[in-house]
Amino acid sequence: MGKSEWLIKEAEEKMSITISKSQLGIILSKLKVFTDADLKREEYPTDAEIAADVLWNAFMNKDIDGKVVVDLGAGTGILGIGALLLGAKKVIFVEIDENNITVLKENLDSLEGLEGHDPEIIKGDVREDQDMEGVEGDVVIENPPFGSKEKGIDKEFLSRAMDIADITYSFHMTETVEYLKGFIEKKGFMVSHRWYYDFPLKAVHKFHKRKIHRIKVSCLRIKKG
Ligand code: SAH
């Protein structure tokens, strides 16, 4: 058995996990995605395989099992649902768009075995203090808008995440990471891990000519102190 297999086996035994990483990817790939994507809000769903990879890494870092996880800009819920499947104690989904929340609820209802995990859905704007009152957690997981349509929104998501939790997993365009690192460090946080992905932006928008366009994205694990 290789070292990573052994580590996975050990984690499975310790945390009594019932699914493997590839099973997680398969379940997540079957979830529904946006019905009528809003381009201005950069509504791009996270690819199931990438979501499974990030969630698995978070699980191995002991950031999921038994934790309260907040999914900011949850969309149709892939990240938070994956966290629930990996044993999060509770997931709080925050999403601004009512249509996405409808699909998110359908996705939650479509899965068996989530009973007792206590998902909470908040319809709200991550930027508004009022909407975010009382939203607290151990870990934030987010694939926020990258800020190419609405300048600065990626920073607003990051800032909110750092107010909510000591640990955040956040996706960003690779070319913006150096700049964002400065912002993160000013808030007294640091980037402890970084994973690189070629992010497929699927043609959920009808005027996209190419079927799949890929962009370079990094997922950062951000930690207080
Ligand atoms: N987390 C999902 C969706 C990513 S797309 C996934 O990984 O698949 C970004 C999401 O953020 C969209 O669903 C969009 O509606 C939502 N969003 C954009 N601006 C927001 C805001 N200000 N407050 C809350 N949600 C927002």
Side-chain angles (χ1 to χ4, degrees), residues 24-52 54-55 69-85 88 90-112 114-115 117-135 137 140-158 160-161 164 169-173 199-215 217 219:
L24 176 67
I26 291 166
I27 298 172
L28 296 180
S29 73
K30 291 184 179 153
L31 296 175
K32 290 190 186 164
V33 291
F34 302 122
T35 45
D36 189 14
D38 183 338
L39 256 196
K40 198 162 149 272
R41 294 217 187 102
E42 298 185 59
E43 297 187 350
Y44 295 110
T46 307
D47 173 73
E49 222 175 288
I50 294 176
V54 164
L55 289 160
V69 174
V70 181
D71 182 350
L72 291 182
T76 49
I78 188 166
L79 297 174
I81 288 174
L84 283 172
L85 291 166
K90 178 186 174 106
V91 173
I92 304 170
F93 297 89
V94 181
E95 171 58 45
I96 201 168
D97 185 324
E98 190 68 54
N99 293 332
N100 294 346
I101 291 179
T102 305
V103 182
L104 163 58
K105 284 183 179 156
E106 285 169 17
N107 280 335
L108 279 168
D109 290 345
S110 73
L111 291 170
E112 284 168 26
L114 291 185
E115 303 84 10
H117 278 289
D118 199 12
E120 183 182 336
I121 301 172
I122 294 172
K123 181 181 180 309
D125 188 329
V126 166
R127 294 165 296 186
E128 294 293 332
D129 291 341
Q130 219 180 320
D131 292 356
M132 301 300 294
E133 228 176 77
V135 177
V140 168
I141 300 190
E142 58 177 18
N143 175 11
F146 293 143
S148 44
K149 292 277 162 357
E150 208 174 336
K151 224 175 158 9
I153 193 160
D154 49 342
K155 262 168 77 181
E156 289 187 89
F157 267 69
L158 261 182
R160 179 65 71 189
I164 291 175
Y169 288 78
S170 190
F171 287 93
H172 296 280
M173 278 199 294
F199 219 74
L201 297 182
K202 298 220 173 77
V204 279
H205 308 292
K206 43 184 175 296
F207 55 84
H208 275 186
K209 287 205 185 82
R210 266 190 297 164
K211 268 232 158 68
I212 295 185
H213 167 76
R214 288 183 184 271
I215 55 168
V217 167
C219 181

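We're numbering straight along the sequence, starting at 1.
Between the side chain of Asp71 and the main chain of Gly80, a donor-acceptor pair closer than 3.5 Å is present. Under a 3.5 Å cut-off, the side chain of Asp131 and the backbone N or O of Asp125 do form a donor-acceptor pair.
Heavy atoms only, all atoms of each residue included: Glu95 and Ala74 are closest at OE1-N, 3.4 Å. Contact detail for Ala51 and Leu28: the closest heavy-atom pair is CB-CD1, 4.1 Å. The two residues Gly124 and Val94 have their closest heavy-atom pair at O-CG1, 4.1 Å. Looking at every heavy atom in both residues, Leu31 comes nearest to Ser110 through CD2-OG, 4.4 Å. Listed here is the closest heavy atom pair of Leu55 and Ala83: CD2-N, 3.9 Å. Closest approach of Pro119 and Phe93 over heavy atoms only: CB-CE1, 3.8 Å.
Looking at heavy atoms from C-beta onward, Leu158 lies out of side-chain contact with Pro144 at the 4.5 angstrom threshold. Here the side chains of Arg160 and Val140 are not in contact, with every heavy-atom distance at 4.5 Å or above.
Within 6.0 Å of atom CD in Glu49, 12 or fewer heavy atoms from other residues, nucleotides or ligands are found, so the atom counts as exposed in its surroundings. Atom NZ of Lys105 is surrounded by 12 or fewer heavy atoms from other residues, nucleotides or ligands within 6.0 Å.
Atoms CD1 and CG, from Ile96 and Leu72 in turn, are 12.0 Å apart once rounded to the nearest 0.5 Å. For the atom pair NZ of Lys32 and OG1 of Thr76, the computed distance is 10.5 Å after rounding to the nearest 0.5 Å. Interatomic distance, Ile78 CD1 to Asn143 CG, rounded to the nearest 0.5 Å: 9.5 Å. Ile81 CD1 to Leu108 CG: the interatomic distance, rounded to the nearest 0.5 Å, is 4.5 Å. With rounding to the nearest 0.5 angstrom, the CZ atom of Arg127 is 4.0 Å from the CD1 atom of Ile153. Expressed to the nearest 0.5 Å, how far NZ of Lys90 lies from CD of Glu120 amounts to 4.0 Å.
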Test side-chain contact (heavy atoms from CB on, under 4.5 Å) on Val126 and Glu156 and set out the steps.
CA-CA 8 Å; Val126 166; Glu156 289 187 89; 6.0 Å; no
(request) Please test Val217 against Phe146 for side-chain contact (heavy atoms from CB on, under 4.5 Å), starting from the C-alpha separation and ending with a verdict. (result) CA-CA 10 Å; Val217 167; Phe146 293 143; 4.0 Å; yes
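Asn100 pairs with exactly one of Leu104, Val103, Asp97 by the side chain to side chain contact (heavy atoms under 4.5 Å, CB included) rule, that one being Asp97.
Ring centroids of Phe171 and Phe199 are separated by less than 6.0 Å, placing the two rings close together.
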